[in-house]
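Accompanying notes for the structure given below.
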Amino acid sequence: MQPSILEERHARTAWFREARFGMFIHWGLYAIPARGEWVRSFERMPVEAYQPYFDQFDPTGYEPAAWAKAAKQAGMKYAVLTAKHHDGFCLFDSALTDYKATNTPAGRDLVREFVEAFRAEGLKVGLYYSLLDWHHPDYPAYGDKHHPMRDDPAYARDPQQFDRYLDYMHGQIRELLTGYGKLDIMWFDFSYDELSGEKWRATELMNMIGELQPEMLIDNRLEVNGERQSSIYTDEPLAYAGDFASPEQIVPPAGITSNGGQPIPWEACITLNNNWGYAPADKAYKSATTVIRKLVECVSKNGNMLLNVGPDAKGRIPDESLAILREVGEWVARNGDSIHGCGGADLEKPEWGRYTRRGNKLYAHLFEPSIGAVLLQGLEGRIKQARLLADGSELHLARPWNAELFPNDAFVNFAQPIHATYELPDAR
Ligand code: FHN
């Protein structure tokens, strides 16, 4: 019997649901103005004002192997690089445009070096591809709210124009699917208003993906922009519904399930400060503790976290980002068993933190200081032993003198430093 679309998606996403943690990388010409990746739109720059960035783009410090090592050390298992963002600049050597890195002083196919370096470190590779394109002459300009740089009344009169743009877009996606080896993720971004689904000729796109890279995962943004439900939430999703939902800068309150109650793979994309592209004036970095707790929260809700860095115009990941990644990596090195391959525990969220689970191993993540034995609600008789995950040291299952008040609850004398994670093997 033919597997259902949900069964096929479950099989295809196995590595993704095991990985749990990835690096997002927003990099391009916008690293030169260094005011975020929407700078051309927000500052209403005509193409002539943006051109100097193309003429000057020379990332002499670009060492993707160093990026890959930083990601691996952080405990990340995959990475997604912007092959083309909304400004239309291609980091790959596209035959369909001159607006590409190989025609700048960089003179390199930056995507090829990225995929090779990250694969060499054993990480899965994904490419972000913007459905919007502010540079292409045939992309909506007239009255398009996301394209305020120029209003072109002629656009409204030429119905073939958008199809010409789609031919270009599909052609570039074909270049990426055929020219860079096995891709693990294509991260489309984003649909809005009527520009969604078949307006992108999405079914045609999915047929091409199925033919050229059948194992590759895609997000759900051929339909949405990450903030809205899409057909992925139904149990009969459309062909272009994608393999995972993509909440942005938010961890969903209770994880994501379909309208029929089926678990949906999902990935929260979160940036380390408040910008996706390089913005040195933005010092609002999240602490490593916050990143760790958000990662645990995602996993406790059966989701992934895609954590973003925005390299500078020289190709270097900002020092602030590297410092946070190092500290997160030190935690993952000792506690990664409670993240990779784990998911939710089907238990009520405890007061003191969160649970993750893998098989019969329960992981208790203490975020709050314990004042003695920690109560594991409803787990009396289900916990055989407890270990501090970081060093394997045994913890005693304590029964405080007033335990008779809590007959259904187990207790562990966790009194340990925060942020401690405990492995409770044989938990049933
Ligand atoms: O407009 C983009 C934005 O620049 C960034 O790439 C994020 C990352 O998910 N996606 C869009 C906003 O939803």
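Below, all heavy atoms of this structure are taken into account, side chains as well, without hydrogens, waters or symmetry copies. The model shown is predicted, which means the values in this text are computed figures rather than measured ones. For ligands, and for the atoms within them, numbers begin at 1 and follow the listed sequence.
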Point to revise | Close-range residues for ligand 1, whose non-hydrogen atoms fall below the 4.0 Å threshold | key: F24, H26, E37, W38, H85, H86, Y128, W187, D189, F190, R221, E248, C269, W276

**Study point:** Intermediate values then yes/no, side chain to side chain contact (heavy atoms under 4.5 Å, CB included), Y30 and R40
**Key:** CA-CA 8 Å; Y30 42 78; R40 188 176 164 215; over 6 Å; no

Can you give each donor-acceptor pair under 3.5 Å made by side-chain atoms of residues 241-256, sequence neighbours left out, with the distance rounded to 0.1 Å?
residue	atom	partner	partner atom	Å
D243	OD1	R12	NE	3.0
D243	OD1	R12	NH2	2.5
D243	OD2	I218	N	2.9
S246	OG	N220	OD1	2.7
S246	OG	R221	NE	2.8
E248	OE1	R221	NH1	2.8
E248	OE1	R221	NH2	2.9
Q249	OE1	T271	N	3.0

Taking only distance into account, with no hydrogens and no angle test, what donor-acceptor pairs under 3.5 Å do side-chain atoms of residues 311-318 form with protein atoms, sequence neighbours excluded?
residue	atom	partner	partner atom	Å
D312	OD1	K314	N	2.9
D312	OD1	G315	N	2.9
D312	OD1	R316	N	2.8

Point to revise | L81 versus L110, closest heavy-atom pair with distance | key: CD2-O, 4.4 Å

Review point. Between W187 and L306, what is the shortest heavy-atom contact and its length?
Key: NE1-CD2, 3.6 Å

Side-chain donor-acceptor pairs under 3.5 Å in residues 201-210, sequence neighbours left out?
residue	atom	partner	partner atom	Å
R201	NE	E204	OE1	3.0
R201	NH1	D163	OD1	2.8
R201	NH1	D167	OD1	3.1
R201	NH2	D167	OD1	2.7
R201	NH2	E204	OE2	3.4
T203	OG1	E198	OE2	2.2
E204	OE2	H170	ND1	3.3
N207	ND2	T203	O	3.4

